[in-house]
Amino acid sequence: EDQVTQSPEALRLQEGESSSLNCSYTVSGLRGLFWYRQDPGKGPEFLFTLYSAGEEKEKERLKATLTKKESFLHITAPKPEDSATYLCAVQAADYKLSFGAGTTVTVRA
Amino acid sequence: EAQVTQNPRYLITVTGKKLTVTCSQNMNHEYMSWYRQDPGLGLRQIYYSMNVEVTDKGDVPEGYKVSRKEKRNFPLILESPSPNQTSLYFCASSFQGGDGNTIYFGEGSWLTVV
């Protein structure tokens, strides 16, 4: 069974304090690993797709990396507007999508 | 504008009263799916569809039905809702295969069963 585990569950940061979120996974035939941002009461918003180990993607203060067993979402010099829940998901060879429980990030000014 | 539209957004219903949550996408996506989101459990897939007339169970299909008669629509049916189906529901769609496999989510439907 495909599994996705995110850590930590919650992360409180000062503005400018860089940190990383972890997503470890087991999947039958990885089609892709996705990172999303979710604001309270909203649907997840797509951030990145990673397809193979060694791949990296960047967007503003966010950088996602992928190994064969885990992915990291690095937040560099975060701002309060980066506060959100970040979700990781893997898509298996049969197109089935499995999500982690998410990491809730709070950035204080 | 690319959209996944769910209705209703908010619903309070009683145990056993059949209800349908509609989902429509305007991007000609083949793949559509339904998820429920509960605190501490994240998003769990209920059903998915890879194309018209093709549906399959996700992780938590019990108590739910779906149909895919048209490419744009993928309704979620609760034949006899129970309180443990109180949750936040999301519909999503995407193209299959290829690069840039971006998944679009709807805004969510808050369902309370009393």
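Between chain B and the residues A:Ala101, A:Pro44, A:Ser98, A:Gly100, the most heavy-atom pairs under 4.5 angstrom are made by A:Pro44.
If you take CG on B:Leu43 and OH on A:Tyr36, they are separated by 9.5 Å, rounding to the nearest 0.5 Å. Annotation: the span from B:Tyr35 atom OH to A:Leu97 atom CG amounts to 4.0 Å, rounded to 0.5 Å. To the nearest 0.5 angstrom, A:Phe46 atom CZ is 8.5 Å from B:Ile103 atom CD1.
Shown here is A:Glu15, whose CD atom has more than 12 heavy atoms of other residues, nucleotides or ligands within 6.0 Å. Around CD of A:Gln3, the count of heavy atoms belonging to other residues, nucleotides or ligands within 6.0 Å does not exceed 12.
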Query - Chi angles and distances behind the side-chain contact (heavy atoms from CB on, under 4.5 Å) call for A:Glu45, B:Tyr104 - result: CA-CA 7 Å; A:Glu45 178 186 333; B:Tyr104 290 79; over 6 Å; no
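At a 4.5 Å heavy-atom cutoff, A:Gln6 makes no contact with chain B through either its backbone or its side chain. At a 4.5 Å heavy-atom cutoff, the contact between B:Leu41 and chain A is made by backbone atoms alone. For B:Gln45, the part sitting under 4.5 Å from any heavy atom of chain A is the side chain, from C-beta outward, and nothing else. Interface remark: B:Gln6 contributes no atoms to any contact with chain A (heavy atom separation under 4.5 Å).
Between A:Gln91 and B:Tyr31, the closest side-chain pair of non-hydrogen atoms falls below 4.5 Å.
With hydrophobic clusters built from ILVMFWY side chains whose heavy atoms lie under 4.5 angstrom apart, A:Phe72 does not share a cluster with A:Leu50. Placement of B:Phe105 and A:Trp35 in two distinct hydrophobic clusters is found when ILVMFWY residues are connected by side-chain heavy-atom separations under 4.5 Å, directly or transitively. Hydrophobic clustering (side-chain heavy atoms under 4.5 Å, transitive across Ile, Leu, Val, Met, Phe, Trp, Tyr) groups B:Leu76 together with B:Val113. B:Val60 is not connected to B:Leu88 by any chain of hydrophobic side-chain contacts under 4.5 Å among Ile, Leu, Val, Met, Phe, Trp and Tyr, and they are in different clusters. Hydrophobic clustering keeps B:Tyr89 apart from B:Val4 (ILVMFWY residues linked when any side-chain heavy atoms are closer than 4.5 Å, directly or through intermediates).
The two residues B:Phe90 and A:Lys42 make their nearest non-hydrogen contact at CZ-O, 3.4 Å.
Not counting sequence neighbours, the partners of B:Ser82 by the side-chain hydrogen bond (donor to acceptor under 3.5 Å, both in side chains) test are B:Asn84.
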